[in-house]
Amino acid sequence: MERPMFTYDAEMADLIFDFCRWRLSLDPVPLDFGGHLEGLEGALEGLLTPEGRDPAELLEVFDTTIATAVVSVDSPRFLSFIPAAPTKASLLFDMVVSASSLNGTSWLEAAGVIAAENQVLEFLAERAGLPEGAGGCFVSGGSVGNLSALVVARDRARRRDPSLIGRRLRFAVSEEAHSSVAKALRVIDVDALLVPTVDHRLTGEALSAALAGVDDPATVVAVIATAGTTNAGIIDDLEGVGAIARERGMWFHVDAAYGGAGMLSTTHGHLFSGMRHVDSFIVDPHKWLFAPFDCAALLYREPAEAAATHTQDASYLDVIHEGDGEWNPTDYAIHLTRRARGMAIWFSLCVYGTDAYAEAVDAGIRIAERAATMITEAEHLELVRPPGLSIVLFRRVGWNDEEYARWSTRLLAEQVGFVTPTKWLGETVARFAFLHPETTEEMVAEILATMD
Ligand SMILES: *Cc1c(COP(=O)(O)O)cnc(C)c1O
């Protein structure tokens with residue numbers, strides 16, 4: 001049967017909408033399994049043909065074979081890496097974004113969606129304590145956000161002091177910085193000045209001491225702090241580091257990809273007061289701000305510095321730079337074409353209100369604290385350190401690497417939880433990363449009971 005590609009097909013639309021309705025209504029979402037391919041290759045074979053296939057048949061393969069070979073990151077039992085818990089409103093509106101073919105590249109093409117996205121960015125900038133005029137854009141993830149900000153940090157240093165052109169530049173970081181920061185430094189060909197930490201935190205004092213010890217401090221032009229490390233939820237001394245950065249005219253970037261949501265917390269928001277010093281920061285709404293993938297917010301104190309680095313010169317693009325009051329997301333990161341990926345969180349934040357978001361963030365911290373208490377009270381378990389935001393590191397006394405690995409595999413096989421071990425000071429330990437507000441105490445108890 002011939003299927004017109006650009007004509008509305010009511011039957012196929014019903015098929016897809018019904019599937020989406022069903023997926024959105026699953027409560028709870030099944031955990032399922034990643035990391036295997038059994039049955040998948042056979043199932044995919046022959047589906048890609050010159051003539052095309054029946055959409056119902058393809059959706060069936062997706063439902064029964066493809067989607068079940070993916071661990072559901074939005075399950076409340078997904079407690080590894082950094083989970084996700086997109087709100088229902090954000091998932092629904094993501095479908096609207098897709099159906100509307102929004103190209104969020106330039107003001108000329110998409111002023112409406114960019115203005116709405118900027119409403120969310122302004123909210124985040126204000127929570128961070130940045131002055132009016134701060135701005136940025138949504139990018140695909142924290143890694144692209146870090147890279148985009150750090151290249152601006154590098155270029156601003158050279159713009160301000162042309163004598164730095166041609167010299168090796170360094171950015172101060174601690175060994176706790178996310179792996180994407182190390183990758184970004186390699187990409188932009190900048191060296192790391194490794195600052196020793198104090199209980200895994202980068203502090204202003206340690207930064208000062210490190211700078212005092214280098215031969216050529218003028219070449220250390222930026223410092224990167226983390227607000228909520230991925231492994232342990234630790235927040236660097238943002239006040240102290242920010243003050244040193246200000247004093248020395250260094251660019252101050254904060255990687256708050258995971259932890260930045262904590263700015264909204266009614267109990268832990270104060271830990272982020274030093275964010276007001278930043279020149280740039282990132283926070284991933286696709287992590288703890290309950291947005292669908294892929295969505296990271298990138299903010300600059302002085303967006304003009306970012307535009308000086310990122311604006312693309314091409315004669316066919318000149319036309320996008322001629323308007324008044326224009327805001328082109330492409331001028332603030334390494335991308336050009338981009339999905340209007342901030343619209344899903346815009347809709348959701350407006351629907352539920354910011355108080356509901358604060359409460360949902362608090363819920364993740366509360367369950368982490370509750371889990372820590374349960375661990376402390378259990379005979380064979382020990383807390384490695386107090387929870388950092390919503391992350392809990394703990395050990396099963398007497399277990400070796402293999403026992404942790406076997407336990408983790410069994411938990412997933414039995415669909416009790418997805419909890420993978422991590423390393424802490426060289427030791428293999430267990431780690432909970434909470435953030436789904438529907439992860440219950442009973443689920444945590446059930447998981448802990450498997451470690452007896
Ligand atoms: C997740 C994370 C990143 C990377 O973000 P992506 O969205 O995965 O690219 C960077 N830094 C920290 C602290 C993170 O937790």
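The analysis underlying the following values was restricted to heavy atoms, covering all of them including side chains, and did not include hydrogens, waters or symmetry mates. Remember, it's 1-based here, ligands and their atoms both numbered in the order they're listed. All of these numbers come straight from a predicted model, not from anything done at the bench.
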Polar contact flag, side-chain donor to acceptor under 3.5 angstrom, Ser348-Thr87: yes
Near-ring test Trp251/Phe171, centroid separation under 6.0 angstrom: no
Check: Arg366/Thr267 side-chain N/O donor and acceptor closer than 3.5 Å: no
Between ligand 1 and the protein, tabulate every N or O atom pair separated by less than 3.5 Å, reporting distance only.
| residue | atom | partner | partner atom | Å |
| --- | --- | --- | --- | --- |
| ligand 1 | 5 (O) | Gly142 | N | 3.2 |
| ligand 1 | 5 (O) | Asp284 | OD2 | 3.3 |
| ligand 1 | 7 (O) | Gly142 | N | 2.7 |
| ligand 1 | 7 (O) | Asp284 | OD2 | 2.6 |
| ligand 1 | 7 (O) | His286 | NE2 | 3.0 |
| ligand 1 | 9 (O) | Gly142 | N | 3.1 |
| ligand 1 | 9 (O) | Ser143 | N | 2.8 |
| ligand 1 | 9 (O) | Ser143 | OG | 2.6 |
| ligand 1 | 11 (N) | Asp255 | OD1 | 3.0 |
| ligand 1 | 11 (N) | Asp255 | OD2 | 2.6 |
| ligand 1 | 15 (O) | Thr230 | OG1 | 2.7 |
| ligand 1 | 15 (O) | Lys287 | NZ | 2.9 |

Backbone of Ala89 reached by a side-chain donor or acceptor of Tyr352 within 3.5 Å: yes
Side chains of Thr105 and Asn103, donor plus acceptor under 3.5 Å: yes
Stepwise side-chain contact (heavy atoms from CB on, under 4.5 Å) test for His200 and Thr229: CA-CA 9 Å; His200 307 276; Thr229 58; over 6 Å; no
